[in-house]
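Quick notes on the structure that follows.
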Amino acid sequence: MDKYSPKQSPVTLRDEDGPAITRDAEYFEYSTAANPIRPSLTPRIPFHFFSSALYVEGPSRVVPLDMSEALKCEAPATGPGLCANFVRIVAGDSLVMQPKSTSTVFYVIRGAGSVKAHGATFEWNEGDFFTAPGVSVIELKATGDAALYYVNDAPLLRYLGVEPSVAQFEPTLYRAEKANAELRIVASQPNAGEKSRVSILLGNANFPYTRTVTHVLWAMYGMIGAHTQQKPHRHQSIALDFIVDCDKGCYSLLSKEIDQDGNMVDPTRVDWETGSAFVTPPGYWHAHFNESDRDARLIPIQDAGLQTYLRTLDIRFT
């Protein structure tokens with residue numbers, strides 16, 4: 001039994017003395033196994049905050065935002081199916097990675113450089129997004145001191161015991177100028193203040209039914225205006241949130257439940273910091289607040305492409 005395996009339940013029946021072909025067979029009384037998500041067995045996804053200090057200085061490197069020990073899964077992982085990372089590249093350096101994932105999404109926090117992935121080579125600059133399938137090597141080069149936020153679905157493939165062999169999409173670039181222009185259009189609409197959020201979703205023409213950035217990953221580029229809030233909502237996909245920029249007074253509240261008036265019960269407060277990231281667990285009610293005098297921007301990346309395909313996303317608003 002490896003270190004990630006739970007202890008055997010006293011009500012588990014196991015054929016220890018039978019032939020080899022039956023020795024891994026187990027039988028559980030229904031009530032002990034029907035919902036195994038509990039701290040002693042399969043833990044829930046915990047909230048966690050990751051500071052920008054993880055990548056501000058030092059040599060070129062990939063910094064996984066690793067919660068695998070808490071999740072009882074193989075490292076590195078930020079959730080059962082996703083791994084978020086900070087990437088730092090010193091000017092003139094390059095990094096080579098092969099995540100063995102179906103999907104990768106990058107956001108350029110600062111700096112400039114180029115990427116070579118799956119037969120494509122192109123340049124990137126601050127504020128750009130780009131995606132690439134993880135079936136082959138991805139090489140990043142920096143022409144200036146650079147940092148990126150990067151999410152892949154390698155943990156999902158490790159759990160399934162598979163490796164990617166077919167690319168479901170081609171490397172795709174989303175320029176900062178275009179993304180910001182589209183977000184400004186949304187924010188300038190007369191009814192923007194009545195919407196559940198002021199944001200755009202990045203899509204890919206290969207996925208018209210999920211309308212997501214890849215077939216597994218979902219990426220939102222959003223704004224919370226000064227002295228406004230996003231009302232409580234929840235979804236069954238994990239959210240790996242990156243704070244693009246904000247002033248003091250921006251924060252999120254997270255809670256397992258809401259009362260009959262739509263207010264969160266005993267919420268946890270998460271104060272935002274520019275360049276930081278945090279995990280919003282699936283199923284938690286959460287709301288975002290901006291009590292500062294300046295607009296704030298954030299990027300949630302989720303496994304909502306997969307959840308949408310499975311018809312299990314279940315987004316709800318108060």
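Start at 1 with the first residue, then count along the sequence. Keep in mind the model is a prediction, meaning the values are calculated, not measured.
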The criterion is salt bridge (charged side-chain N to carboxylate O under 4.0 Å, His left out); which residues satisfy it with R316, sequence neighbours excluded?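 In terms of salt bridge (charged side-chain N to carboxylate O under 4.0 Å, His left out), with neighbours along the sequence ignored, R316 is linked to D314.
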K256: what forms a salt bridge (charged side-chain N to carboxylate O under 4.0 Å, His left out) with it, not counting sequence neighbours? none
May I ask you to decide if [Y]'s main-chain N or O and [X]'s side chain share a donor-acceptor pair within less than 3.5 Å?
X	Y	value
H233	H286	yes
T143	K141	no
N85	C83	yes
S237	L313	no
D295	A226	yes
D66	A77	yes
Q189	N191	no
T308	T210	no
D153	S103	yes
N290	R294	yes

Could you check if a side-chain atom of [X] sits within less than 4.5 angstrom of a side-chain atom of [Y], using non-hydrogen atoms only?
X	Y	value
R88	S60	no
E69	M67	no
I45	V279	yes
V265	N263	no
C250	I224	no
L298	V244	no
L157	P164	yes
F86	F242	yes

Atom pair [atom1] ([X]) and [atom2] ([Y]), whose distance is rounded to the nearest 0.5 Å:
X	Y	atom1	atom2	result
Q230	R197	CD	CZ	4.5 Å
I200	L202	CD1	CG	5.5 Å
E273	S52	CD	OG	6.0 Å
H118	E170	NE2	CD	4.5 Å
D303	L240	CG	CG	8.0 Å
L201	E182	CG	CD	12.0 Å

Reference residue T172; test side-chain contact (heavy atoms from CB on, under 4.5 Å); the match among T214, V213, N204: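 The single option meeting the side-chain contact (heavy atoms from CB on, under 4.5 Å) with T172 is N204.
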Donor-acceptor pair between S165 and E163 side chains, under 3.5 angstrom: no
Do T312 and Q236 meet the criterion of a side-chain donor-acceptor pair at a distance under 3.5 Å?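 Note: T312 and Q236 side chains miss the donor-acceptor criterion.
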Membership question, hydrophobic clusters at under 4.5 Å side-chain separation (ILVMFWY): are Y55 and I299 in the same one? yes
Flag yes if I109 and Y174 sit in one hydrophobic cluster, no otherwise; membership is Ile, Leu, Val, Met, Phe, Trp, Tyr, and two members link when side-chain heavy atoms are under 4.5 Å apart. yes
Can you confirm whether more than 12 heavy atoms, excluding those of [X], are under 6.0 Å from its [atom1] atom?
X	atom1	result
D266	CG	no
Y309	OH	no
L160	CG	yes
Y159	OH	no
R44	CZ	no

Which residues, ordered by chain and number, are linked to I89 in its hydrophobic cluster, where ILVMFWY side chains connect at heavy-atom gaps below 4.5 Å, directly or through other members? V62, V87, L95, M97, F106, V108, V115, F122, W124, F130, I138, L140, L148, Y150, L173
Co-members of L253 in a cluster of I, L, V, M, F, W and Y side chains, linked at under 4.5 Å: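 Once heavy-atom contacts under 4.5 Å are chained together, L253 belongs with Y251, I258, M264, W285, F289.
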Evaluate side-chain contact (heavy atoms from CB on, under 4.5 Å) for D247 paired with W272, printing each intermediate quantity in order. CA-CA 8 Å; D247 285 344; W272 293 10; over 6 Å; no
Apply side-chain contact (heavy atoms from CB on, under 4.5 Å) to the pair V151 and T78, showing each step before the final yes or no. CA-CA 9 Å; V151 177; T78 319; over 6 Å; no
Decide salt bridge (Lys or Arg N to Asp or Glu O under 4.0 Å) for R110 and E126; before the verdict, give the C-alpha distance in whole Å, the side-chain angles of both, and the deciding distance to 0.1 Å. CA-CA 5 Å; R110 66 167 186 269; E126 182 174 322; over 6 Å; no
side-chain hydrogen bond (donor to acceptor under 3.5 Å, both in side chains) evaluation trace for S31 with E29: CA-CA 6 Å; S31 65; E29 189 279 321; 2.3 Å; yes
Write down the atom of P155, the atom of P80, and the distance for their closest heavy-atom approach. CB-O, 3.5 Å
Which residue pairs pass the side-chain hydrogen bond (donor to acceptor under 3.5 Å, both in side chains) test when at least one of the two sits in residues 128-137, sequence neighbours left out?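 Residue pairs with at least one partner in residues 128-137: D128-R175.
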Show your reasoning for whether side-chain contact (heavy atoms from CB on, under 4.5 Å) applies to S94 and E139. CA-CA 7 Å; S94 62; E139 182 179 3; 4.2 Å; yes
Sequence neighbours excluded - ring-ring contact (aromatic ring centres under 6.0 Å, His included) pairs with any residue from residues 208-231: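 Those involving residues 208-231 are F129-Y221, F207-H215.
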Do the side chains of D271 and R269 get close enough for a salt bridge, i.e. N-O under 4.0 angstrom?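 Result for this pair is yes, salt bridge flagged.
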Worked verdict on M220 versus D241 for side-chain contact (heavy atoms from CB on, under 4.5 Å): CA-CA 10 Å; M220 187 189 91; D241 299 296; over 6 Å; no
